[in-house]
Amino acid sequence: MDTATTELRRFMTITGQRFKGGQSAPEMFSPAVDAAWHELLGTPAYEALCLETAGQPIRHVANSGHGPIAWVAAYEEAYGPLPDIWFTDADGNLGQDAVARYRETGTVVAEWDCGPAGGDGVAPDQPEITRR
């Protein structure tokens, strides 16, 4: 399994935890991980991945915003620091400044244009401060 797919599995696990806890949908801010998501969408393997990691079907929806990434602490508690793939664009270019800022502050501020929604197609509300 490649790094982007491993990270997608972790993202889906966090998605399921957040949805079960009534929290907002996690922000998909990595073009590289999102590309792996797009490759699996609509396949039986994707359906199995969702049920295994999130415990429910997960839809991919448009959801634009900019702001602090709310789920980083949960990721770090479960898996350790975010790997570089989270700061890599779809062409494989690493955002050195974003990585440095994260390593220095422990926070991620980013833009996103999509995210997960539960099987009903509805994403829990994002905090107003993160909307564009």
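Index from 1, following the sequence.
The nearest pair of heavy atoms linking Pro81 to Arg103 is CB-NH1, 4.3 Å. The shortest heavy-atom contact between Ala74 and Ile14 is C-CD1, 4.4 Å. Scanning both residues, Pro31 and Ala90, for their nearest heavy atoms gives CB-N, 3.5 Å. Taking every heavy atom of both residues into account, Ala110 and Phe29 meet most closely at CB-CB, 3.8 Å. Closest of all the heavy-atom pairs between Ala36 and Ala4 is CB-CB, 3.8 Å. Counting all heavy atoms, side chain and backbone alike, Thr107 lies closest to Thr105 at OG1-OG1, 2.9 Å.
A perpendicular orientation is assigned to the rings of Phe11 and Trp71, their planes being inclined by more than 60° (bins at 30° and 60°). The aromatic rings of His60 and His38 lie perpendicular to each other, with more than 60° between the two planes, well past the 30° mark.
Side chain of Arg18 to main chain of Ser24: a donor-acceptor pair is present (N/O by atom type, distance under 3.5 Å, no hydrogens or angles). Proximity of a side-chain donor or acceptor of Glu27 to a complementary backbone N or O of Ala70 within less than 3.5 Å is detected. The closest donor-acceptor contact from the side chain of Tyr46 to the backbone of Ile58 lies under 3.5 Å.
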- Task: For the pair Leu40 and Thr43, evaluate side chain to side chain contact (heavy atoms under 4.5 Å, CB included) and give the outcome as yes or no after the intermediate values.
- Result: CA-CA 6 Å; Leu40 285 173; Thr43 67; 4.2 Å; yes

- Item | Ile69/Val109 under side chain to side chain contact (heavy atoms under 4.5 Å, CB included): CA gap, chis, key distance, verdict | CA-CA 6 Å; Ile69 303 303; Val109 176; over 6 Å; no

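Taking 4.5 Å as the limit, every side-chain heavy atom of Cys114 sits out of range of all side-chain heavy atoms of Asn63. Counting heavy atoms from C-beta outward, Trp112 and Asp34 have side chains that stay 4.5 Å or more apart.
Between Asp113 atom CG and His66 atom NE2 the span is 13.0 Å, to the nearest 0.5 Å. Residue Trp37 holds its CH2 atom at 13.5 Å from OG1 of Thr5, rounded to the nearest 0.5 Å. Separation of atoms CG (Asn93) and OG1 (Thr88) is listed at 8.5 Å; rounding is to 0.5 Å.
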Report all side-chain donor-acceptor pairs from residues 49-56 shorter than 3.5 Å, counting only partners two or more places apart or in another chain.
residue	atom	partner	partner atom	Å
Glu52	OE2	Arg9	NH2	2.3
Thr53	OG1	Leu49	O	2.7

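Residues passing the side chain to side chain contact (heavy atoms under 4.5 Å, CB included) test with Pro83 are Glu7, Tyr75, Ile85, Trp86, sequence neighbours excluded.
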